[in-house]
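Here the structure comes first, spelled out in structure tokens, and everything after it is commentary.
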Protein chains: 2
Amino acid sequence: MKIAILGYGVVGSAVAKALIENEKIIRARCGQNITPVIALARHKKDALIPITTNIDEILQREDIDVFVELMGGIEKPFEIVSQILKKKKPVVSANKAMLAYYRYELENLAKDLTFGYEASVGGGIPIIKALKEGLSANNILSIKGILNGTSNYILSAMNAKGIKFDDALKKAQELGYAEADPSFDIEGQDAAHKLLILASIAYGLRAKPEDILIEGIGNITSEDMYFAKEFDFVIKLLGIAKAKNSKVELRVHPTMINKDKMIAKVDGVMNAVSITGDLLGENLYYGAGAGGMTTASAVISDLIDIARNEFKSPMLGFRDDLQFELLAKDEIFTKYYLRLKVEDKVGVLSKIAKLMSENGISIDSFLQKPKQDEIHSTLFFTTHSTFEKDIQNLLLILQKQDFIKDKPFMMRIEE
Amino acid sequence: MKIAILGYGVVGSAVAKALIENEKIIRARCGQNITPVIALARHKKDALIPITTNIDEILQREDIDVFVELMGGIEKPFEIVSQILKKKKPVVSANKAMLAYYRYELENLAKDLTFGYEASVGGGIPIIKALKEGLSANNILSIKGILNGTSNYILSAMNAKGIKFDDALKKAQELGYAEADPSFDIEGQDAAHKLLILASIAYGLRAKPEDILIEGIGNITSEDMYFAKEFDFVIKLLGIAKAKNSKVELRVHPTMINKDKMIAKVDGVMNAVSITGDLLGENLYYGAGAGGMTTASAVISDLIDIARNEFKSPMLGFRDDLQFELLAKDEIFTKYYLRLKVEDKVGVLSKIAKLMSENGISIDSFLQKPKQDEIHSTLFFTTHSTFEKDIQNLLLILQKQDFIKDKPFMMRIEE
């Protein structure tokens with residue numbers, strides 16, 4: 001089986017290297033050799049396989065059996081992959097951004113062909129396969145994932161070392177876990193792309209990134225970490241999908257999780273996805289979510305499945321539409337955590353409690369941290385389950401009160 | 001697709017129930033109905049589907065597309081399954097004991113047919129699929145699994161509540177987590193069967209249960225739990241496979257594990273398997289390892305794969321022999337923990353240290369617990385990595401010393 005690698009960066013070169021070095025086990029697994037014969041790169045360079053900078057030179061070759069797309073970007077790879085699928089050639093891709101926007105168009109184009117995308121979520125964890133095949137008998141009740149290693153590294157470092165967000169980010173950058181411009185990772189976009197892919201396999205949901213609730217980790221402070229420790233929580237950036245009565249809520253945000261949950265124990269750059277099915281209860285899948293060889297492991301598992309002729313299902317795993325709809329953001333119903341910096345004077349707490357009660361929000365726990373300076377205190381609340389729109393409304397009202405300093409901060413809770 | 005269920009106990013009836021209740025999602029996943037049309041039971045009973053007590057009545061039917069074997073036992077189901085495979089009909093089985101003895105015979109019989117056995121290891125966790133397909137590009141460096149929920153419940157209870165083995169076992173029996181005769185679970189046999197199945201998929205290894213090192217958890221005391229806590233270990237019954245230079249060591253035994261490892265954090269009746277591959281590093285898979293609906297989830301995922309026509313590989317996942325051999329037990333090389341009850345008199349420690357040194361064993365850490373009575377103390381040692389044969393030899397020598405009371409106890413350490 002001859003393959004072309006479109007994009008010869010960290011992952012592309014790792015795919016070539018792994019195909020060559022692990023030739024023996026790969027042949028034992030699928031009964032044939034999988035040979036990378038050419039790669040597309042931006043510039044000519046020394047490589048393990050022949051390199052071209054001209055995409056047409058690859059697309060015109062008739063001897064390529066599978067194309068591996070690792071270019072990055074959205075529109076350009078979608079255009080190229082569409083061209084390949086129209087020529088009836090299988091594609092394997094790790095491009096989660098392209099899939100977040102064009103997965104249904106790609107499924108239509110792929111039809112009875114193969115489009116493998118195991119590498120798009122969770123690095124080397126075979127999470128696409130688990131959800132599409134391993135858990136196929138289940139109605140999926142929920143998915144909760146640590147889908148971005150950069151964010152998880154930062155939150156783990158803040159938690160373990162008591163350092164501030166900015167210092168943890170700097171540390172992550174020094175170690176190569178965060179990019180110079182880290183916004184895509186820390187603002188939740190990357191996790192959202194992955195969550196959308198998983199939600200398509202679980203529910204057939206057609207949402208795009210702009211349709212769902214996405215919040216990043218940039219506003220989390222040492223005070224939030226302090227509260228979490230006191231109340232047996234851990235803070236993680238989670239991608240969450242939950243189904244109820246044909247509605248699915250999808251959201252990405254920093255989350256307070258009970259410290260005894262398995263997913264709360266996942267530290268550093270590691271990824272993990274917890275999936276609850278109606279038959280099997282909770283399953284959790286854990287592993288490195290990024291890195292050249294890790295991602296190559298997933299890319300090549302797709303290539304081996306193609307060589308084995310085991311790709312027979314539609315790309316996203318459904319033959320019938322399950323007709324789930326996206327739940328409106330306002331209708332999300334969960335518990336919340338609030339951090340408020342207030343002027344420390346008589347009557348403030350009762351005013352806040354009154355505003356909460358007027359908005360139908362009931363307090364589950366309360367903590368007041370010892371004074372930081374002469375005039376300000378920080379108050380922490382958690383609420384019983386309530387609607388997102390009520391919390392958002394409360395935040396708007398609180399922000400207008402003269403005794404509230406700084407912007408009130410809210411985080412959602414999962415138990 | 002019409003299926004017959006051979007064995008209508010907890011799992012068999014759950015498979016029928018799940019096929020009926022989850023009909024919609026199952027049809028959406030594979031584009032057809034999977035219908036249980038008859039079941040074999042020991043006695044006539046009320047059931048969701050027609051029941052027979054006569055196996056021939058089922059085997060003679062020409063309209064059955066897939067047979068699901070859930071009978072238990074080894075020889076009898078092997079005989080029946082062989083008959084079915086010879087008639088060129090696919091089989092799905094959860095029978096790990098049969099597979100531990102006859103998996104290669106079954107693979108030969110199945111040839112280009114399908115033999116699904118996802119349910120044989122780890123309940124609803126799709127661990128067979130992960131190893132056979134998801135991680136197929138990797139040379140598997142090691143597998144470490146909590147493969148028996150009963151044992152894990154007992155060890156977790158001893159650890160969390162400070163109770164003794166017998167009391168934890170009684171608790172497990174009250175809760176239905178342990179059988180009246182728990183020996184198969186607590187002596188490591190069940191875990192060994194599952195480990196052998198995983199080792200075949202990872203290495204093509206043909207070992208049988210009697211070929212490998214198997215020790216149970218019955219000799220673990222509160223003192224071992226005390227030591228583990230002091231030295232940041234957790235005790236788990238692990239099934240371990242490790243490959244090095246075409247040799248694979250396979251062993252099942254209680255193990256001291258660093259408490260920060262993900263697998264050390266798996267408590268109660270849950271199962272987890274940690275697999276390290278050369279490309280992806282460590283992956284861990286976690287979920288319930290037993291229970292009717294959990295196991296049904298795995299059985300039906302195999303049925304859906306059959307309906308999708310996605311079973312194309314040989315049953316154990318290899319087309320070429322990888323030629324791994326089983327490492328002799330004596331040649332296992334790891335760190336050890338020793339608990340010795342000794343007469344508390346002058347010179348004992350130096351005698352023990354001398355015996356260890358004479359056997360080429362070097363001490364890594366040492367703890368002496370405050371005296372239990374007037375004349376006895378308990379000494380705890382951990383060693384640097386050493387050969388199994390040297391430890392076994394040391395144990396024989398120690399047992400003959402007059403200052404050693406009770407049988408010396410040893411446990412292996414994984415870091």
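Chain naming here is simple, since letters A, B, ... match the order of the sequence lines and numbering starts at 1 in each.
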Work out which heavy atom in B:Ser297 is nearest to a heavy atom in A:Ala137; give both atom names and the distance.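 Heavy-atom minimum between the residues: O-CB, 4.0 Å.
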Any idea which heavy atoms bring B:Met262 and A:Met262 closest together, and the distance?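 The pair with the smallest heavy-atom distance is CE-CE, 3.9 Å.
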Of all of [options], which one pairs up most often with chain A through heavy atoms under 4.5 Å apart?
options: B:Asn283, B:Ile300, B:Ile275; value: B:Asn283
options: B:Thr295, B:Ile304, B:Ile26; value: B:Ile304
options: B:Lys312, B:Glu310, B:Met293, B:Lys129; value: B:Glu310
options: B:Leu280, B:Asp302, B:Val299; value: B:Leu280

Count the heavy-atom pairs under 4.5 Å between each of [options] and chain B, then report the option with the highest count.
options: A:Glu282, A:Gln32, A:Glu118, A:Met270; result: A:Glu282
options: A:Ile125, A:Ile128, A:Asp321; result: A:Ile125
options: A:Asp260, A:Ile34, A:Ile201; result: A:Ile201
options: A:Ala28, A:Ala14, A:Gly287, A:Ala18; result: A:Ala28
options: A:Asp278, A:Leu135, A:Ile127; result: A:Asp278

Taking atom types as modelled, is there a side-chain donor on [X] or [Y] under 3.5 Å from an acceptor on the other?
X: A:Arg308; Y: B:Ser313; result: yes
X: A:Ser301; Y: B:Glu133; result: no
X: A:Asn138; Y: B:Asn22; result: no

Side chain, backbone, both or neither of B:Asn139 within contact of chain A (heavy atoms, under 4.5 Å): both
Is A:Leu322 in contact with chain B via its backbone, its side chain, both, or neither, using a 4.5 Å heavy-atom distance? both
Taking side chain as C-beta onward, heavy atoms only, is A:Tyr285 less than 4.5 Å from B:Pro126?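 Counting from C-beta outward, A:Tyr285 and B:Pro126 do come under 4.5 Å.
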Euclidean distance, B:Ser136 OG relative to A:Ile25 CD1, rounded to 0.5 Å: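 Going from CD1 on A:Ile25 over to OG on B:Ser136, the span is 8.5 Å.
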